[in-house]
There are 2 protein chains.
Amino acid sequence: MTRKQEIIDTAKTLFRQRGYKSVSMRDLAKVIDFKAASLYNHISSKEEILADIVLDVARYFTREMTIIKSLNVDAKTQLEGVINHHVDLTINNPEAIAILNNDWMHLEGKHLEDFKMMRNTYENDLRGIIIQGIEHKEITSQNIDIILFSILSTLRTLHLWYRKRSDLSENTLKKDITEILLKGILAKS
Amino acid sequence: MTRKQEIIDTAKTLFRQRGYKSVSMRDLAKVIDFKAASLYNHISSKEEILADIVLDVARYFTREMTIIKSLNVDAKTQLEGVINHHVDLTINNPEAIAILNNDWMHLEGKHLEDFKMMRNTYENDLRGIIIQGIEHKEITSQNIDIILFSILSTLRTLHLWYRKRSDLSENTLKKDITEILLKGILAKS
DNA sequence: GTCTATACCCTGATAGAC
DNA sequence: GTCTATCAGGGTATAGAC
């Protein structure tokens, strides 16, 4: 592992715990037994660390969505794919997801632009899947944006909850979340 | 409106836009055409402003949950009540909900303790309603914590989405969110 | 590549004149 | 109740010795 990776990994832990703005370069340096000035031999600014963390995840989501769209399967299967890769990432990189959610607005310039563009594209692609599901009568509910929003908010904050329940297996988690997001919870009346 | 209320209302807007840590007392003072020092004639610290905003909302949720529990109605009706008061608050005080979600960890001392206790109590009460629903066969799904988490994450982040869709009426919003959270989205197979 | 020293600015908060 | 002046500390980042 390079020094730069070590810095970024440490930053992931601290940014998640206390938030980007509350972590100083001196805090960060102290954890890896450095002086703050030395960090600048490996990274060019604090914001660059944030961008490395956040844009990496954003690119992962973009890549996975491209794959899902290319599969030519029904909407239900595509939604299952979306849920699965959110769960994967939540398990493998929960800090990065938390930081993306909470601190993306502290990105600057081109980093911020790129992030917003990827996020918009992702939301629009997911909306497209939902619309396809409604057109093909796989989805009964009609309110596209509420469906989109309720699925995304659950998936995006999964990391908050997974910390307390990391005993669950990845497969159980995927199965249960898929069931609740797609089939609902009430008995049929 | 008192001066103190004016300060808190301004803080709500700024804290929501940029995050608690990114807003300085000088920023806050500038908006209401004050010098930063003058703010301290009305409030005792920056953290007190945060606590005023966050604990107010937390107490509102606590109060509403007490009422719902006292009604002695079935689980479905109680869940509808919970959804309704989240929607109410999202419409009437979206800034406070956003700040509660993003910046509660910057509360200090007793404020932080009080907040955590109210939040825990609320989550446990909601879990109790879900358990009751499962026992009475109103709810088919068995995974209590995933149900709890998916409902809460949707309701807690509703404010993010409501900004873009504030054309919807309060009643439509309540109806549609209730339907999706409780009945799911897929056609019966 | 790490250090010390430091530049330069911003932070929350207080003292005391008016 | 608002102001000016200021404190003590902390912020990101750079210069230059080793």
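Numbered from 1 within each chain, the chains take letters A, B, ... in sequence-line order. Model, not experiment: these values are computed from the prediction.
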Send over the distance from [X] [atom1] to [N] [atom2], rounded to a whole Å.
X	N	atom1	atom2	value
A:H42	C:dG1	NE2	C1'	6 Å
A:L39	D:dT12	CG	C1'	11 Å
A:L50	D:dT12	CG	P	13 Å
A:K4	C:dG1	NZ	P	13 Å

Please determine, for the side chain of B:Y40, which listed nucleotide (C:dG12, D:dG1, C:dG1) has the closest atom? C:dG12
So that I can tick it off, tell me whether A:E6 and A:R3 are bridged by a salt bridge, with the cut-off set at under 4.0 angstrom between side-chain N and carboxylate O. yes
Listed partners of B:S22 passing side chain to side chain donor-acceptor pair (under 3.5 Å), at least two apart: A:H106
By salt bridge (charged side-chain N to carboxylate O under 4.0 Å, His left out), A:K137 pairs with (sequence neighbours left out) none
Who pairs with B:K116 by salt bridge (charged side-chain N to carboxylate O under 4.0 Å, His left out), at least two apart in sequence or on another chain? none
By side-chain contact (heavy atoms from CB on, under 4.5 Å), which residues pair with B:T2, not counting sequence neighbours? B:K4, B:Q5
Share the residues that join B:L71 in a hydrophobic cluster, the rule being Ile, Leu, Val, Met, Phe, Trp or Tyr side chains under 4.5 Å apart at the heavy-atom level. B:V73
Got a sec? Which of residues 6-37 of chain A come in under 4.0 Å of DNA chain C, heavy atoms? A:F34, A:K35, A:A37
Any B:S38 side-chain N or O less than 4.0 Å from OP1/OP2 of D:dG1: no
